[in-house]
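Beneath this line is the structure, given in structure tokens, with notes to follow.
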Amino acid sequence: MVRTRFAPSPTGYMHIGNLRTALYAYLTARRNDGVFILRIEDTDQERNVPEALAAIYSGLALAGLVYDEGPGKDGGFGPYVQSERLPIYQKYADIIIEKGAAYRCFCKKEAQTIEDEGPVRRDPCRLLTQDEIEQKLSASESFVVRQRIPDEGSTTFADHVYGEITVENSQLDDQVLLKSDGFPTYNFANVVDDHLMAITHVMRGQEYLSSTPKYNLLYESFGWDVPEYVHLPLIIKEDGSKFSKRLGDPSFEDLVKMGYLPEAIVNYIVLLGWSPGNDQEFFTLKALEEVFSIDRINKSSAAFSFDKLTWLNGEHIRALSLDEFHALAEPYYPEALASFNTRKISELLQVRTEKLPEITEKIGFFIRVPEYDIEMYQHEKSKCDPEVSLEILKLVTPVLESLQTWDNDNLYLTLKDFGKDNGYKTGTVMWPIRTALSGVSVTPGGATALAEILGKEESLNRIQAGIEKLESALR
RNA sequence: GCCCCCAUCGUCUAGGGGACCAGGACGUAGCCCUUUCAAGGCUAAAACUGGGGUUCGAAUCCCCAUGGGGGCACCA
């Protein structure tokens, strides 16, 4: 039974790299009919942010990553919040001290920060005699528990992504397992919990690659089986620097606020470091659950491209039904748009929107025609200029006035025929109308689509205004 | 400083000795379609970091160099 876990510490937001780790862990569980577990790693009391827990839950929910076990969803391996497991770590710390694979260190914190010679520090306390220890203990001196790394030999572990890695034990430091406040460090808690929670595949960022030998040694000291390791490459920026919230890069929540669909973000993020082996790039979470596999994960770090995310977001927007898109677009429609058929507007917008907030700037002209220059009527490709425009607008007015059925199809056929009868290209007829109706050079949809939405009366008013504008300018 | 990891178009990647004068996607440029703009279609420019090996043959295997990244906390 495959069991994976996502083990974030509560920092207040969902980092992009964390989201991907969660995604991969989730997909690995789903693909293998396994169990996906959420564990909260809140062992740093100074860094805990109160509302951060909520951010983790909402972030996972937003991404669609439903966990099978976790806080509030006990599967027999709880509690799933590390700060609620303190006695457990205490117990295993005692066990490992007993085994001789760890020891108490009574050194002062400050003394530890002095730069020592050599890459690895061997703490003097590892040589303390039993008597000395008893003495310090009874004097209730505070201490931390450190792992006793063997002086000789080397440690090898296998990683699904990076292969076999060997490190000399002399390069490993006697890391702290239990802090003086009684809390475990990540280094200890992750090993104890992954074992106790029967995690089969440990998936995490590659920043843990270099400390993994120490975890292996811990597993060995306890006599536990080592889990499968899956270390994930880093996500960086296109200039090669770190992708970090602190440096102003967006978190998952930020991206959603910027108008990216959660499903598009998830789709994009899965491709940063993994590929399906064919040309498919568009994926829903459901589809990924069927095809994701660990052995197609890449080794090298991947740069986050906003351009590609934006494109993929457009793909997801276009894949929506009109109703779904309309629901997402509506919040961007101002009150003043209420008199129009906004569903029709959504229809025009859907294929032209890559990010939701773009909608705002695309629809302003529906409410009011902006001030514009008559140069707007000049258009090479449509063989149009202000003079011709004026002529067409005047000629077309009675035709439109007499039109009974005011919809896109009828308007289009009528105007097309009008052009044919009067020797104009369709584009030459449409350009001035579209311009008069909107006052902008680019609109979602053409002249007739806009006219339909604006309605007969408003359309004719705007055309009349265009005529007056042109007349006064050309006089 | 020490240790570990990585290295294909600008970016994400396919590729796991001959099928590669290296394929796809984003972005960029051009064309087509066309009622402006999109969407869609077509086309173009664009990469195997360098040097040694191994081999009949290397993007693919090995070594070195270079470059990049990560780690060396009572943070995770």
Side-chain angles (χ1 to χ4, degrees), chain A residues 7-9 11 41-44 46-47 105 107 109 112-113 115 117-121 142-146 159 161-163 165-168 170-173 175-181 183-187 189-190 204-213 231 233-234 236-238 240-242 268 271-282 298-312 314 318 348-354 362 379 381-382 408 411-412 415-416 419 425-431 433-435 438 440-450:
Chain A
S9 58
T11 55
E41 310 226 325
D42 58 346
T43 54
D44 185 354
E46 287 172 23
R47 291 213 321 189
C105 166
C107 295
K109 206 180 199 170
Q112 298 287 345
T113 55
E115 288 303 319
E117 298 300 309
V120 172
R121 188 174 50 236
S142 83
F143 63 88
V144 299
V145 175
R146 286 183 184 277
D159 182 86
V161 175
Y162 292 94
I165 294 172
T166 301
V167 178
E168 294 299 316
S170 62
Q171 295 299 326
L172 275 19
D173 67 317
Q175 63 180 353
V176 171
L177 267 22
L178 221 53
K179 308 179 209 177
S180 52
D181 63 4
F183 276 66
T185 59
Y186 166 85
N187 300 316
N190 94 83
R204 50 155 89 113
Q206 62 128 253
E207 62 266 29
Y208 294 101
L209 214 44
S210 53
S211 34
T212 299
H231 284 92
L234 261 32
I236 56 178
K237 286 192 278 191
E238 292 201 76
S241 65
K242 256 197 231 176
Y268 178 66
L271 260 14
L272 284 180
W274 174 84
S275 80
N278 55 39
D279 288 345
Q280 187 178 350
E281 297 202 285
F282 184 96
N298 273 345
K299 291 176 164 74
S300 48
S301 42
F304 189 100
S305 162
F306 285 93
D307 277 343
K308 188 146 187 177
L309 170 61
T310 301
W311 166 76
L312 203 48
R318 276 167 244 134
L348 294 178
L349 249 22
Q350 184 168 9
V351 77
R352 284 166 250 258
T353 304
E354 287 196 302
K362 286 187 198 291
H379 190 68
K381 202 177 137 200
S382 304
N408 182 49
L411 281 160
Y412 181 65
L415 290 170
K416 196 183 161 107
K425 280 183 62 179
T426 308
T428 313
V429 178
M430 299 298 187
W431 183 264
I433 297 173
R434 210 196 95 261
T435 303
S438 67
V440 295
S441 59
V442 173
T443 52
T448 58
L450 301 189

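All values derive from a computational prediction rather than experimental measurement.
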With sequence neighbours excluded, residues passing side chain to side chain contact (heavy atoms under 4.5 Å, CB included) with D279(A):
none
Measure the distance from CG on N187(A) to C1' on G71(B) and round it to the nearest whole Å.
11 Å
Which residues pass the side chain to side chain contact (heavy atoms under 4.5 Å, CB included) test with E207(A), sequence neighbours left out?
L234(A)
Within the sub-3.5 Å range, which N or O atoms of nucleotides 15-18 of chain B have a protein N or O partner, and how far apart are they?
{"unit_1": "G15(B)", "atom_1": "OP1", "unit_2": "R296(A)", "atom_2": "NH1", "d": "3.3"}
{"unit_1": "G15(B)", "atom_1": "OP1", "unit_2": "R296(A)", "atom_2": "NH2", "d": "3.2"}

Mind checking who G10(B) pairs with, Watson-Crick or G-U wobble, both distances under 3.5 Å?
C26(B)
Counter-base of C20(B), judged by Watson-Crick or G-U geometry with both distances under 3.5 Å
none
Taken in chain and number order and not counting sequence neighbours, the residues that satisfy side chain to side chain contact (heavy atoms under 4.5 Å, CB included) with P233(A) are R20(A), Y162(A), I297(A)
I'd like to check the ring-ring contact (aromatic ring centres under 6.0 Å, His included) partners of F183(A); sequence neighbours left out, ordered by chain and number.
none
Nearest whole Å is fine: how far is C6(B) P from Q206(A) CD?
9 Å
Could you list the residues that satisfy salt bridge (Lys or Arg N to Asp or Glu O under 4.0 Å) with K425(A), not counting sequence neighbours?
none
U35(B): pairing nucleotide in any strand, Watson-Crick or G-U under 3.5 angstrom:
none
Provide, to the nearest angstrom, the distance between the OH atom belonging to Y208(A) and the P atom belonging to C75(B).
13 Å
Letter per nucleotide, 5' to 3', of nucleotides 35-50 of chain B [B base touched, S only sugar-phosphate touched, - untouched; heavy atoms, 4.0 Å]:
BBBBSS----------
D42(A): which residues meet the salt bridge (Lys or Arg N to Asp or Glu O under 4.0 Å) condition with it, sequence neighbours left out?
none
Among C75(B), C5(B), G70(B), the one nearest any side-chain atom of K179(A) is C75(B)
Under the rule for ring-ring contact (aromatic ring centres under 6.0 Å, His included), what residues qualify as partners of Y186(A), not counting sequence neighbours?
Y208(A)
Partner residues of E281(A) under the side chain to side chain contact (heavy atoms under 4.5 Å, CB included) criterion, sequence neighbours left out:
L271(A), K308(A), W311(A)
Under 4.0 angstrom, heavy atoms only, what part of the nucleic acid is T435(A) near: base, sugar-phosphate, or nothing?
nothing
Parallel, tilted or perpendicular: which describes the rings of Y268(A) and F304(A), with under 30° parallel and over 60° perpendicular?
perpendicular
Please list each protein N or O that sits under 3.5 Å from an N or O in nucleotides 8-12 of chain B, with the distance.
{"unit_1": "U11(B)", "atom_1": "O4'", "unit_2": "E238(A)", "atom_2": "OE1", "d": "3.2"}
{"unit_1": "C12(B)", "atom_1": "OP1", "unit_2": "A303(A)", "atom_2": "N", "d": "3.0"}
{"unit_1": "C12(B)", "atom_1": "O2'", "unit_2": "L271(A)", "atom_2": "O", "d": "3.1"}

Could you tabulate the donor-acceptor pairs under 3.5 Å formed by side-chain atoms of residues 441-450 of chain A, not counting sequence neighbours?
{"unit_1": "T443(A)", "atom_1": "OG1", "unit_2": "R434(A)", "atom_2": "NE", "d": "2.8"}
{"unit_1": "T443(A)", "atom_1": "OG1", "unit_2": "G445(A)", "atom_2": "O", "d": "2.9"}
{"unit_1": "T448(A)", "atom_1": "OG1", "unit_2": "N408(A)", "atom_2": "OD1", "d": "2.5"}

L209(A) CG - C4(B) P separation (whole Å):
11 Å
